[in-house]
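Just below is one structure, and these are the notes that go with it.
This is a predicted model, so every value here is computed, not measured. We use all heavy atoms of the structure for the numbers below, so side chains are in, but hydrogens, waters and symmetry mates are not.
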Amino acid sequence: MKKVVMALSVLALLTSCVSKKKYTELEARNKETQDLLNTATVKLNSCLEEKAGLAARVEGLKEHNQTLINTSKDMTILTSKGAENIEKALESIKEKDLKISRMQDALTKKDSVTLAVVTSLKSVVGLNDEDIEINVEKGVVFISISDKMLFKTGSYNVSDRAKSVLAKVAKVVNDKPDFECMVEGHTDSVPYIGNGVLLDNWDLSVKRSTSIIRVLTNELGVKPEQLIAAGRSSYVPLVGNTSAENRAKNRRTRILVLPKIDQFYDMVEKEMKKQK
């Protein structure tokens with residue numbers, strides 16, 4: 001009996017020892033499993049966070065991609081508009097080039113006409129006299145004749161010597177029906193003493209102009225519609241009226257030869273207005 005009891009005690013003791021060992025093993029395995037689970041959980045959370053970050057990045061890339069698509073569309077529109085603007089700009093440049101060319105043609109033609117007038121006058125008048133000057137001033141051809149050749153002091157009666165010069169001017173005008181002539185009288189600053197007919201230098205300058213016009217029309221066959229009378233009195237002097245010599249220079253009559261080139265001026269003016 002004692003042997004049985006001892007045997008059972010030993011068996012119980014052995015049985016108890018095996019269970020504790022297994023328990024320890026299980027506990028160690030459990031801890032290991034728990035550690036693995038914790039590690040897996042950490043990795044899972046990290047993966048989830050990374051996934052969320054990637055998802056956000058994907059959304060950002062989608063938005064950026066859409067923006068690029070929209071920008072591309074806008075750029076296509078802008079490129080199309082830019083091409084249209086360039087084409088319009090080129091057309092505008094061509095138009096301006098054409099306008100400039102027309103203006104240059106008009107001005108060149110005007111200069112050619114002016115040169116022809118000067119040449120004709122110099123060849124016809126053919127005088128080498130200091131009292132007669134043929135020149136171009138601001139694009140206008142003029143013949144300036146001193147008063148000592150045309151009139152006596154204080155008079156508006158045209159001298160015979162002047163008529164020979166006027167006859168040559170009339171020849172040029174009669175050969176050019178498209179020309180006009182402005183006869184412009186100038187006096188010095190000495191006040192004119194009125195004689196009941198003329199009141200002052202204004203009257204004298206205009207009367208001298210109309211006297212020359214009457215010679216041109218009545219005696220030399222110039223058409224009245226080609227002539228213009230004008231008087232400037234003493235207000236456009238060549239030099240200061242400070243001496244008798246200077247006053248003699250200021251007493252003059254200018255015949256301005258004006259080709260009817262209004263069409264050229266009109267064309268230039270129209271082109272200039274269009275460019276504003």
Side-chain angles (χ1 to χ4, degrees), residues 114-115 117-174 176 179-222 224 226-259:
T114 299
L115 179 61
V117 171
V118 173
T119 303
S120 296
L121 283 171
K122 287 187 175 181
S123 62
V124 171
V125 175
L127 295 177
N128 185 16
D129 194 315
E130 63 180 7
D131 295 322
I132 300 174
E133 179 184 4
I134 300 173
N135 214 331
V136 178
E137 185 176 293
K138 295 181 180 179
V140 176
V141 181
F142 68 89
I143 305 170
S144 183
I145 308 173
S146 67
D147 271 13
K148 67 181 181 180
M149 178 176 285
L150 294 172
F151 309 104
K152 293 181 180 180
T153 302
S155 172
Y156 51 82
N157 294 317
V158 180
S159 67
D160 292 335
R161 182 186 176 192
K163 290 180 182 179
S164 64
V165 176
L166 294 176
K168 294 177 180 180
V169 175
K171 183 178 186 305
V172 174
V173 177
N174 288 333
K176 304 290 184 181
F179 285 11
E180 290 180 340
C181 285
M182 177 184 289
V183 181
E184 188 180 83
H186 295 260
T187 69
D188 58 28
S189 60
V190 177
Y192 177 77
I193 299 175
N195 58 5
V197 177
L198 306 179
L199 299 179
D200 52 24
N201 283 333
W202 278 113
D203 280 354
L204 179 60
S205 63
V206 174
K207 186 62 177 175
R208 285 179 169 176
S209 172
T210 55
S211 294
I212 291 174
I213 283 177
R214 287 191 177 92
V215 172
L216 291 172
T217 54
N218 297 338
E219 301 181 27
L220 301 174
V222 177
Q226 289 181 260
L227 301 174
I228 304 167
R232 306 300 300 272
S233 185
S234 61
Y235 297 105
V236 191
L238 292 175
V239 291
N241 287 287
T242 54
S243 65
E245 183 180 357
N246 284 357
R247 287 191 291 272
K249 290 180 181 179
N250 291 332
R251 293 191 301 270
R252 68 202 187 278
T253 297
R254 293 205 318 171
I255 301 176
L256 285 75
V257 182
L258 309 170

For the pair T217 (side chain) and I213 (backbone), establish whether a donor and an acceptor sit closer than 3.5 Å, ignoring hydrogens and angles. yes
Show the numbers, then the answer: is there a side chain to side chain contact (heavy atoms under 4.5 Å, CB included) between L220 and L166? CA-CA 8 Å; L220 301 174; L166 294 176; 3.9 Å; yes
Between L216 and L227, is there a side-chain heavy-atom distance shorter than 4.5 Å? yes
Any chance you could measure L238, atom CG, to R247, atom CZ, to the nearest 0.5 Å? 14.5 Å
Less than 4.5 Å apart, any side-chain heavy atom of V158 and any of F151? yes
Do the non-hydrogen side-chain atoms of V236 and R232 ever get within less than 4.5 Å of each other? yes
Hey, does N246 have a side-chain heavy atom less than 4.5 Å from the side chain of N241? no
Answer whether the closest heavy-atom distance between the side chains of T253 and E184 falls below 4.5 Å. no
Residues S144, R254; criterion side chain to side chain contact (heavy atoms under 4.5 Å, CB included); working and verdict: CA-CA 4 Å; S144 183; R254 293 205 318 171; 3.9 Å; yes
Between I145 and I143, is a side chain to side chain contact (heavy atoms under 4.5 Å, CB included) present by the stated rule, with each step listed? CA-CA 6 Å; I145 308 173; I143 305 170; 3.9 Å; yes
Between H186 and N250, is there a side-chain heavy-atom distance shorter than 4.5 Å? no
Main chain of F179, side chain of Q226: is a donor-acceptor contact present, judged purely on distance under 3.5 Å? yes
What I want to find out is whether R252 reaches D147 closely enough, with some N-O distance under 4.0 Å, to be called a salt bridge. no
Mind checking whether V141 and L256 have side chains closer than 4.5 Å, heavy atoms only? no
For the pair D188 (side chain) and S234 (backbone), establish whether a donor and an acceptor sit closer than 3.5 Å, ignoring hydrogens and angles. no
Non-hydrogen atoms of S209 and A230 that approach each other most closely: OG-N, 3.2 Å
Closest non-hydrogen atoms of P191 and N201, given as atom of the first, atom of the second and distance, are CA-ND2, 4.0 Å
Apply side chain to side chain contact (heavy atoms under 4.5 Å, CB included) to residues I228 and V183 and explain how you reach the verdict. CA-CA 6 Å; I228 304 167; V183 181; over 6 Å; no
Inter-residue atom distance F142.CZ - N135.CG, 0.5 Å rounding: 4.5 Å
For the student: nearest non-hydrogen atoms of A170 and V222, plus distance: CB-CG2, 3.6 Å
Looking at L204 and S155, what are the two nearest heavy atoms and their distance? CD1-O, 4.2 Å
Taking the six-membered ring of Y156, is NZ or CZ of R208 closer than 6.0 Å to its centre and within 45° of its axis? no
